[in-house]
Amino acid sequence: MSKDKMEEYIVEAARLRDRHRPDMEILTSLEIDWLGPDWGPHIDYFQHLPLDFRLGSVHFVPNQDGVLLDCDGKFERFATYLKDGYAGDLRYVVEKYFEQVLTMLERGGFDLLGHFDKIAGNASIADPGIEDHGWYEALVDDVVEHVKGTDVVVEVNTKAFADKGRFFPAERWWGKLIDAGIRLAVDSDAHYASKVSAGRSEAFSRLENLVRSKKNTNFAAVFADMPVPIMGRDMQSGVNQINNN
């Protein structure tokens, strides 16, 4: 969303919140890209917006010359960037991505950490075994340590499950997050109303099974006590109601 659309977004969200209260709670938020020290959730512009919560995410990774390239999206574009923009150095891209995540965490200014290993979506196509490496797991551990003991909630991003059979962060890392006492919020990262519930039930089912396997861990305690519609079973009907108005 461009900056000149922000006021329209805030006003429309407020209109819908008033229109559908008390049948449905509508919250106002933004997924904010980390682009560096001068642009991220921490800057005054985003801090002064009337938002219920802020989500911080990394999509762009600077190459060896400091040029930001979008590493999300289709693999074909990523493969071109990897070859021409990053000199074919996949490990550099992955490590630099996680470095951006850590720096964003250090700067703060957001409530929810978005898809902190999203780079794996394309990196694991370029190298299917990349997440099995010890150095990669160490990068994940660094994120866990940075989040541990803070108020930041970690997103479990579910949208890609139906098409790609994976979540972000990957299911293999969920146990680390739970063991560290980090709170989770499950959402689909829906860019389209039709995907608002994509993969959510599968994520909840797998999380419940994981929590049950861990003694002295309460399922409800894993989830964030914050204004995020985590468990809303009627989210799709709510979206349909908005679309009809």
Side-chain angles (χ1 to χ4, degrees), residues 1-33 41 45-57 59 72 109-116 118 147 150-164 166-169 171 174 177-178 182-211 218-245:
M1 180 171 63
S2 61
K3 190 175 180 179
D4 60 4
K5 294 286 188 180
M6 188 63 65
E7 183 177 358
E8 178 184 348
Y9 167 66
I10 297 293
V11 169
E12 179 66 3
R15 184 188 74 82
L16 291 170
R17 181 171 59 246
D18 292 341
R19 181 184 182 92
H20 295 286
R21 184 183 287 143
D23 298 320
M24 179 171 61
E25 183 179 9
I26 295 177
L27 304 175
T28 307
S29 180
L30 285 175
E31 180 181 16
I32 304 167
D33 256 310
Y45 172 74
F46 291 117
Q47 290 300 301
H48 292 155
L49 289 175
L51 302 173
D52 294 301
F53 64 97
R54 294 162 181 80
L55 190 154
S57 300
H59 301 90
D72 199 13
F110 60 96
D111 308 287
L112 191 62
L113 174 61
H115 50 61
F116 74 74
K118 189 66 184 296
V147 177
T150 73
D151 292 330
V152 172
V153 176
V154 169
E155 173 196 55
V156 175
N157 188 306
T158 66
K159 183 175 61 180
F161 181 77
D163 297 331
K164 299 180 180 178
R166 69 170 298 148
F167 303 99
F168 298 100
E171 189 174 354
W174 293 358
L177 296 165
I178 293 171
I182 294 170
R183 296 169 302 157
L184 308 177
V186 175
D187 70 69
S188 65
D189 190 10
H191 289 226
Y192 305 97
S194 61
K195 292 195 173 187
V196 72
S197 294
R200 282 169 49 83
S201 61
E202 292 86 351
F204 278 119
S205 176
R206 291 167 185 237
L207 277 167
E208 184 173 10
N209 290 336
L210 177 60
V211 171
N218 183 280
F219 183 65
V222 171
F223 296 101
D225 182 19
M226 64 179 292
V228 181
I230 297 172
M231 298 292 282
R233 295 181 181 273
D234 295 323
M235 287 181 68
Q236 185 63 62
S237 62
V239 169
N240 292 339
Q241 185 178 358
I242 292 174
N243 288 340
N244 291 332
N245 288 280

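FYI, the numbering just counts along the sequence from 1. Hydrogens, waters and symmetry mates play no part in the numbers below; they use all other heavy atoms, side chains included. Not measured: the values here are computed from a predicted model.
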Heavy-atom nearest pair, Leu112 first then Val154, reads CD1-C, 4.1 Å
His59 vs His115, test: side-chain contact (heavy atoms from CB on, under 4.5 Å). Steps then yes/no. CA-CA 10 Å; His59 301 90; His115 50 61; 3.2 Å; yes
Does atom CG (Asp151) have a neighbourhood of more than 12 heavy atoms from anything else shown, all under 6.0 Å? no
Any side-chain to backbone donor/acceptor pair from Asp52 onto Thr28? Under 3.5 Å, distance only. yes
Test side-chain contact (heavy atoms from CB on, under 4.5 Å) on Ile10 and Leu51 and set out the steps. CA-CA 8 Å; Ile10 297 293; Leu51 302 173; 4.0 Å; yes
Taking only residues two or more places apart in sequence, or in another chain, which ones meet Asp18 in a side chain to side chain donor-acceptor pair (under 3.5 Å)? Arg21
State, yes or no, whether a side-chain contact exists between Met6 and Leu49 at a heavy-atom distance under 4.5 Å. yes
How long is the span from the NZ atom in Lys195 to the NE2 atom in His191, to the nearest 0.5 Å? 10.0 Å
Any side-chain heavy atom of Ile32 sitting closer than 4.5 Å to one from Phe110? no
May I ask you to test the Leu55-Leu30 pair for a side-chain heavy-atom distance under 4.5 Å? no
So does Arg206 pair up with Glu171, basic N to acidic O under 4.0 Å? yes
Would Ser29 and Arg54 count as having a side-chain donor-acceptor pair, cut-off 3.5 Å? no
Less than 4.5 Å apart, side chain to side chain, heavy atoms only: is that true for Leu16 and Met24? no
All ring pair (Phe, Tyr, Trp, His ring centres under 6.0 Å) counterparts of Phe167, not counting sequence neighbours: Phe161, Trp174
Yes or no on side-chain contact (heavy atoms from CB on, under 4.5 Å) for Val153 and Asp111, after CA distance, side-chain angles and deciding distance? CA-CA 6 Å; Val153 176; Asp111 308 287; over 6 Å; no
Kindly say whether Ala198 contributes a backbone atom to a donor-acceptor pair with the side chain of Thr158 at under 3.5 angstrom? yes
Heavy-atom closest contact (Ser197 atom, Ser188 atom, distance): N-OG, 4.2 Å
Heavy-atom side-chain contact between His20 and Ile26 under 4.5 Å: yes
Give a yes or no answer on whether the side chain of Gln47 reaches the backbone of Pro41 with a donor-acceptor pair at less than 3.5 Å. yes
Is any side-chain heavy atom of Lys118 closer than 4.5 Å to a side-chain heavy atom of Asp72? yes
Donor-acceptor check, side chain of Ser57 to backbone of Asp33, threshold 3.5 angstrom: yes or no? no
Tell me whether Arg200 is salt-bridged to Asp187, with the criterion being a basic N under 4.0 Å from an acidic carboxylate O. no
Do any N or O atoms from the side chain of Lys159 and from the backbone of Ala190 form a donor-acceptor pair under 3.5 angstrom? no
So Ile178 and Leu210, side-chain contact (heavy atoms from CB on, under 4.5 Å) or not? Walk me through it. CA-CA 9 Å; Ile178 293 171; Leu210 177 60; 3.6 Å; yes
